Amino acid sequence: MIQTTPTAQSQPEVAYQWMKSYISAIPRDEETFLNEAVLAKSTGTSRTPVREALLRLEAEGFVKRIPHKGAYVPPISDPDVRAILQARSVVEKWAVLALESMPESQLDAFQRIIDQQREAKDDPARFIELDTEFHTLMVRAGANPILADFYTSLRQRQLRIGVRAVTQETDRAGDVLREHQLIVDALRSRSIEAAHQAIDAHLDSTRWAVIGY
């Protein structure tokens with residue numbers, strides 16, 4: 001693990017951000033247990049902020065606390081990937097049914113995220129954080145808090161899947177940028193059919209990049 005020095009952030013926040021980045025970089029087919037003492041040393045904090053950060057990560061689905069063993073990061077199998085992407089397809093395509101009432105300012109917000117992603121192309125963790133932000137914004141446009149919460153529950157697995165894809169594929173980040181732009185172009189055209197096609201193409205491309213079929 002790479003040691004990180006705390007900044008002006010609170011120690012629990014430093015520990016949280018370090019651990020989230022670390023977990024996101026774990027290969028999706030691997031599992032691991034996180035040791036509090038090692039985490040405290042690696043984050044440059046102490047066990048108390050590490051415990052607080054682990055509670056937050058557990059609530060967000062990044063880890064599972066197992067008594068007498070620690071914080072467990074489970075693997076993500078090929079069937080898991082397919083199921084996650086299928087769920088995303090259903091939720092995202094439903095969300096853009098709100099397209100007719102979607103203001104131009106919201107479409108501009110999608111474009112800003114793409115522009116930020118382009119600047120973060122060489123930072124896989126930041127790139128995928130912005131990727132998640134892009135799709136979460138789309139889901140929130142549907143104005144269904146239950147579906148939005150469900151989508152959020154997929155976040156940690158999406159981060160691990162995405163980071164691995166953009167680091168393994170030669171130009172997966174470039175493909176994502178182009179696919180996101182096609183989605184935004186479809187939204188600007190106010191065509192639900194075109195938006196659905198762009199979403200499906202993007203998720204199919206993601207599946208191929210991650211599991212190869």
Side-chain angles (χ1 to χ4, degrees), residues 1-35 38-45 49-50 52-64 71-76 80-81 84-85 88 109-139 151-181 202-203 205-211:
M1 292 185 180
I2 300 172
Q3 196 159 5
T4 301
T5 301
T7 65
Q9 294 176 309
S10 69
Q11 288 202 337
E13 182 65 22
V14 168
Y16 168 80
Q17 293 295 341
W18 190 96
M19 284 188 277
K20 186 174 72 170
S21 295
Y22 176 74
I23 293 168
S24 299
I26 295 172
R28 68 172 180 87
D29 56 348
E30 293 183 10
E31 61 182 355
T32 190
F33 279 93
L34 303 178
N35 179 278
V38 174
L39 289 171
K41 182 177 180 180
S42 298
T43 59
T45 62
V50 162
E52 290 183 33
L54 284 172
L55 287 172
R56 183 175 169 187
L57 290 165
E58 182 180 29
E60 295 175 352
F62 282 84
V63 300
K64 297 178 180 179
Y72 175 62
V73 181
I76 302 171
D80 289 337
V81 172
I84 289 164
L85 294 176
R88 284 183 56 186
F110 287 122
Q111 189 63 57
R112 283 194 295 273
I113 294 174
I114 293 176
D115 294 341
Q116 290 171 5
Q117 276 194 293
R118 189 171 290 108
E119 294 175 0
K121 193 176 177 182
D122 296 326
D123 182 350
R126 176 61 179 158
F127 186 90
I128 296 303
E129 280 276 8
L130 288 164
D131 181 272
T132 303
E133 185 178 335
F134 178 90
H135 289 280
T136 300
L137 182 63
M138 188 190 311
V139 171
Y151 194 85
T152 299
S153 73
L154 302 176
R155 183 167 176 259
Q156 68 88 9
R157 285 170 287 181
Q158 291 185 62
L159 285 172
R160 285 179 67 193
I161 291 169
V163 169
R164 192 66 173 173
V166 297
T167 54
Q168 283 186 324
E169 289 285 312
T170 304
D171 191 29
R172 179 56 192 157
D175 291 340
V176 169
L177 288 169
R178 288 186 285 273
E179 291 160 12
H180 279 185
Q181 190 63 60
H202 176 48
L203 295 178
S205 177
T206 300
R207 187 188 71 247
W208 275 96
V210 176
I211 62 177

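Keep in mind that this is a model prediction, so the values were computed, not measured. Just so you know, these numbers use all the heavy atoms, side chains as well, and skip hydrogens, waters and symmetry mates.
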**Student:** In Å and rounded to the nearest 0.5 Å, what is the CD1 to CD1 distance from I161 to I84?
**Tutor:**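 Reported value, rounded in 0.5 Å steps: 4.0 Å.
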**Student:** Rounded to the nearest 0.5 Å, what separates atom CD in E129 from atom OG1 in T132?
**Tutor:**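 Answer for the CD-OG1 pair, E129 versus T132, is 6.0 Å.
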**Student:** Does the side chain of Y72 reach to within under 4.5 Å of the side chain of L34, using non-hydrogen atoms?
**Tutor:**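 Answer no - side chains too far apart.
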**Student:** Looking only at heavy atoms, which two atoms of A109 and L137 are closest? And how far apart?
**Tutor:**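 Minimum heavy-atom separation between A109 and L137: CB-CD2, 3.8 Å.
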**Student:** So how far is it from F62 CZ to R56 CZ, rounded to the nearest 0.5 Å?
**Tutor:**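 Answer for the CZ-CZ pair, F62 versus R56, is 9.5 Å.
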**Student:** Calculate, to the nearest 0.5 Å, the distance between atoms CG and CG belonging to L54 and L39 respectively.
**Tutor:**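 One finds 6.0 Å between CG of L54 and CG of L39.
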**Student:** Quick one: side-chain contact (heavy atoms from CB on, under 4.5 Å) partners of R207, sequence neighbours excluded?
**Tutor:**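 Applying side-chain contact (heavy atoms from CB on, under 4.5 Å) to R207 gives R82, L85, D204, I211.
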**Student:** Between D175 and R178, does at least one N-O distance fall below 4.0 Å, as a salt bridge requires?
**Tutor:**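 A salt bridge is present here (some side-chain N lies under 4.0 Å from a carboxylate O).
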**Student:** Given H180, which of H202, R118, M138 fulfils the side-chain contact (heavy atoms from CB on, under 4.5 Å) condition?
**Tutor:**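 For H180, the side-chain contact (heavy atoms from CB on, under 4.5 Å) test succeeds with only one of H202, R118, M138, which is H202.
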**Student:** Hey, mind stepping through T206 and R172 against side-chain contact (heavy atoms from CB on, under 4.5 Å) and telling me if it holds?
**Tutor:** CA-CA 9 Å; T206 300; R172 179 56 192 157; 2.9 Å; yes
**Student:** Does any non-hydrogen side-chain atom of E119 lie less than 4.5 Å from one of R126?
**Tutor:**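 Not touching, per the 4.5 Å side-chain cut-off.
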**Student:** Answer yes or no: is there a side-chain heavy-atom contact under 4.5 Å between V73 and R160?
**Tutor:**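 In contact.
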**Student:** Report the distance from atom CD of E60 to atom CD1 of I23, rounding to the nearest 0.5 Å.
**Tutor:**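 It comes to 10.0 Å.
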**Student:** Are any of the side-chain heavy atoms of E31 and P74 separated by less than 4.5 Å?
**Tutor:**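 They are not in contact (no side-chain heavy atoms under 4.5 Å apart), so the answer is no.
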**Student:** In this structure, which one of K121, Q117, Q181 forms a side-chain contact (heavy atoms from CB on, under 4.5 Å) with V176?
**Tutor:**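 Per the side-chain contact (heavy atoms from CB on, under 4.5 Å) rule, the option paired with V176 is Q117, out of K121, Q117, Q181.
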**Student:** Tell me if a side-chain donor or acceptor on T45 pairs with a main-chain N or O of K41 at a distance below 3.5 Å.
**Tutor:**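 Checked: no pair found.
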**Student:** Measuring from F127:CZ to D122:CG, what's the distance to the nearest 0.5 Å?
**Tutor:**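 Reported to 0.5 Å precision, the distance equals 10.0 Å.
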**Student:** Quick one, Q17 with Y22, criterion side-chain contact (heavy atoms from CB on, under 4.5 Å). Give me CA distance, side-chain angles, the key distance, then yes/no.
**Tutor:** CA-CA 9 Å; Q17 293 295 341; Y22 176 74; over 6 Å; no
**Student:** Any donor and acceptor pair, going by atom type alone, linking the side chain of R28 with main-chain N or O of I76 inside 3.5 Å?
**Tutor:**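 Flag set: sc R28 to bb I76 pair under 3.5 Å.
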**Student:** P124 and V166: which non-hydrogen atoms are nearest, and at how many Å?
**Tutor:**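 Scanning both residues completely, I find the closest heavy atoms to be CB-CG2, 3.7 Å.
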**Student:** Can you name the closest pair of heavy atoms from P75 and D80 and give their distance?
**Tutor:**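 Closest approach of P75 to D80, heavy atoms only: O-OD2, 4.1 Å.
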**Student:** With a 3.5 Å distance limit and no angle check, can you tell me whether E52 reaches the backbone of P12 through a side-chain donor-acceptor pair?
**Tutor:**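 Not a single qualifying donor-acceptor pair exists.
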